[in-house]
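Letters go in sequence order (proteins before strands), and every chain restarts at 1. These values consider heavy atoms only, across backbone and side chains, with no hydrogens, waters or symmetry-generated copies.
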Protein chains: 2
Amino acid sequence: MNQEINTDNVKAQMRKGILEYSILSILSKGDEYASSLIKILKDASMIVVEGTLYPLLTRQKNQGLLNYRWEESPQGPPRKYYSITDKGREMLSELDVTWKEIIDSIEIIRNTPNQ
Amino acid sequence: MNQEINTDNVKAQMRKGILEYSILSILSKGDEYASSLIKILKDASMIVVEGTLYPLLTRQKNQGLLNYRWEESPQGPPRKYYSITDKGREMLSELDVTWKEIIDSIEIIRNTPNQ
DNA sequence: ATATAGTACTATGCAATACATAGTACTAAG
DNA sequence: CTTAGTACTATGTATTGCATAGTACTATAT
């Protein structure tokens, strides 16, 4: 029980840094609004809550990685559609490398004998 | 320049949660002391500093995942050798699953078209 | 004997971000 | 007008990596 809670906590810590990469990835394939992003992430088993996502999107906007425009929704309040900038695409490419490095590091650590 | 700093920052955030997994992995293969752990991690391109590692080892000890014993060193101060507990091995197995889930999530997010 | 260098461990404040929570606002339906 | 569903804003809390300061042990040099 306590162990399960702890595993969830480790997973939450693992999400730090990863979500920024995930958002840029999704938007590189097309513009989306926040609730849609949450759904896409959830479908990929990456659970994120609004309190996390909105500040993250704001940070990325302020860093010039994203832009947004308002668009009327079919039957609710207007939606804020986010799109990735050229700078965001460059960042995404760098994060591709960074993520690969992380995976390789874990692979080595997990499967190579200590010296 | 500012972008490089930002990538390093993202990588530091990504390390959160991952280091716990890394430490258990290393110790599952044999006992080590802190400076040795730092070297093994560094060799796998996972840079960690003492200010991070020692509190982390202490936390894991307090959670029952590790144990330690003092051992005289060849030519310096005594060393604190850490070993993994059965509980630590169980945790490691769970983190194997957790890590795989994260990788799969990123794979989906990075390579599947949005709906 | 004392100072220095190398090695190893302890303590703590700071920065960053995920999360929980509270709230505002828009639109449609009751 | 009220309620429900949807979408966004704001903020305090918890956690952990990092920077920094310090203590302690052993060997070597002065």
Side-chain angles (χ1 to χ4, degrees), chain A residues 5-23 31-42 46-63 65-66 68-82 95 98 102 105, chain B residues 5-24 31-39 41-42 46-63 65-66 68-82 95 98 102 105:
Chain A
I5 295 183
N6 203 30
T7 308
D8 286 346
N9 181 56
V10 174
K11 194 163 185 177
Q13 297 298 328
M14 285 182 176
R15 280 195 281 269
K16 292 190 177 182
I18 285 181
L19 289 181
E20 187 165 337
Y21 181 39
S22 303
I23 298 299
D31 305 349
E32 303 287 343
Y33 68 105
S35 297
S36 171
L37 285 169
I38 288 180
K39 180 167 190 308
I40 293 174
L41 288 165
K42 184 178 179 182
M46 180 83 65
I47 310 291
V48 181
V49 294
E50 294 147 336
T52 299
L53 187 60
Y54 284 109
L56 171 53
L57 289 169
T58 302
R59 286 201 307 269
Q60 290 183 307
K61 165 65 167 69
N62 292 338
Q63 289 166 6
L65 306 177
L66 312 180
Y68 66 74
R69 70 179 185 274
W70 287 98
E71 206 170 290
E72 289 197 2
S73 73
Q75 62 177 19
R79 293 165 175 170
K80 199 174 198 178
Y81 276 85
Y82 295 88
L95 292 183
T98 300
I102 297 270
S105 292
Chain B
I5 295 182
N6 202 29
T7 309
D8 286 345
N9 182 56
V10 174
K11 196 162 185 176
Q13 297 297 327
M14 285 180 175
R15 278 195 282 271
K16 294 189 175 180
I18 285 183
L19 289 180
E20 186 163 340
Y21 182 39
S22 302
I23 298 299
L24 292 176
D31 304 351
E32 303 287 344
Y33 67 104
S35 297
S36 171
L37 285 170
I38 288 181
K39 181 169 189 307
L41 288 165
K42 184 176 176 182
M46 179 83 66
I47 310 293
V48 180
V49 296
E50 294 146 336
T52 298
L53 187 60
Y54 285 108
L56 172 54
L57 290 169
T58 301
R59 285 201 308 270
Q60 291 182 308
K61 166 65 167 68
N62 291 337
Q63 289 166 6
L65 306 177
L66 311 180
Y68 66 73
R69 69 179 187 276
W70 286 99
E71 207 171 289
E72 289 198 359
S73 71
Q75 62 177 18
R79 295 166 175 169
K80 199 174 198 176
Y81 276 83
Y82 296 89
L95 292 183
T98 299
I102 298 268
S105 291

Which comes earlier along DNA chain D counting from the 5' end, the contact point of Q13(A) or that of A34(A), where each point is its nearest nucleotide? A34(A)
Among dT6(D), dA8(C), dT17(C), the one nearest any side-chain atom of R59(A) is dT17(C)
Please lay out, stage by stage, how E71(B) and Y33(B) fare under the test side chain to side chain contact (heavy atoms under 4.5 Å, CB included). CA-CA 9 Å; E71(B) 207 171 289; Y33(B) 67 104; over 6 Å; no
Measure from the side-chain N and O atoms of T58(B) to the backbone N and O of Y54(B), and report whether any donor-acceptor pair falls under 3.5 Å. yes
Separation of atom CG in L53(B) from atom C1' in dT10(C), rounded to whole Å: 13 Å
Tell me whether S22(B) contacts the main-chain N or O of I18(B) through its side chain, where contact means a donor paired with an acceptor under 3.5 Å. yes
Just the rounded figure in Å: distance from C1' of dA25(C) to CD of E50(A). 14 Å
Can you tell me how far P of dA18(C) sits from CD1 of I38(A), to the nearest Å? 13 Å
Atom CZ of R15(A) and atom CD1 of I47(A): how far apart are they, to the nearest 0.5 Å? 7.5 Å
Nearest-Å distance for atom pair CD1/P, residues I102(A) and dG17(D): 12 Å
Any side-chain N or O of S35(B) under 4.0 Å from OP1/OP2 of dT7(C)? no
Distance check: side-chain N/O of N9(B) vs OP1/OP2 of dT17(C), anything under 4.0 Å? yes
What is the distance, to the nearest angstrom, from the OH atom on Y68(B) to the P atom on dA8(C)? 18 Å
Interatomic distance, Q60(B) CD vs dT15(D) C1' [rounded to whole Å]: 14 Å
Hey, does the side chain of K80(A) come within less than 4.0 Å of dT9(D)'s phosphate (OP1/OP2), counting only N and O? yes
Does Q75(A) or T58(A) map to a spot on DNA chain D nearer the 5' end, using the closest nucleotide for each? Q75(A)
Find the distance R79(A):CZ to dC8(D):P and express it as a whole number of Å. 8 Å
Should K11(A) be listed as having a side-chain N or O under 4.0 Å from OP1 or OP2 of dA18(C)? no
Using a 4.0 Å heavy-atom cut-off, does L19(A) contact any base of the nucleic acid, only the sugar-phosphate backbone, or nothing at all? sugar-phosphate
Quick one: is dC18(D) close enough that its OP1 or OP2 comes under 4.0 Å of any side-chain N or O from T52(B)? yes
Regarding the side chain of P55(A), the nearest nucleotide among dT17(C), dT11(D), dA24(D) is dT11(D)
Pairwise 5' ranking along DNA chain C for S73(A) and A12(A), keeping only the more 5' one: A12(A)
Between Y54(B) and dA11(C), is there a side-chain N or O to OP1/OP2 distance below 4.0 Å? no
Quick check on DNA chain C: between P78(A) and V48(A), whose nearest nucleotide comes earlier from the 5' end? V48(A)
Is any N or O donor-acceptor pair between the side chain of K16(A) and the base of dA16(C) shorter than 3.5 Å? no
Starting at CH2 of W70(A), measure out to NZ of K80(A) and round the result to the nearest 0.5 Å. 5.0 Å
Less than 4.0 angstrom between a side-chain N/O of Y33(B) and OP1 or OP2 of dC9(C), yes or no? no
With rounding to the nearest 0.5 angstrom, report the OG1 to NZ distance, T98(B) to K11(A). 6.0 Å
Measuring to OP1 and OP2 of dT16(D), would you say a side-chain N or O of R15(B) lies under 4.0 angstrom away? no
Output the rounded distance in Å from CD (E32(B)) to C1' (dC9(C)). 17 Å
Return the nearest nucleotide to the side chain of W70(A); candidates are dA8(C), dA27(D), dC8(D). dC8(D)
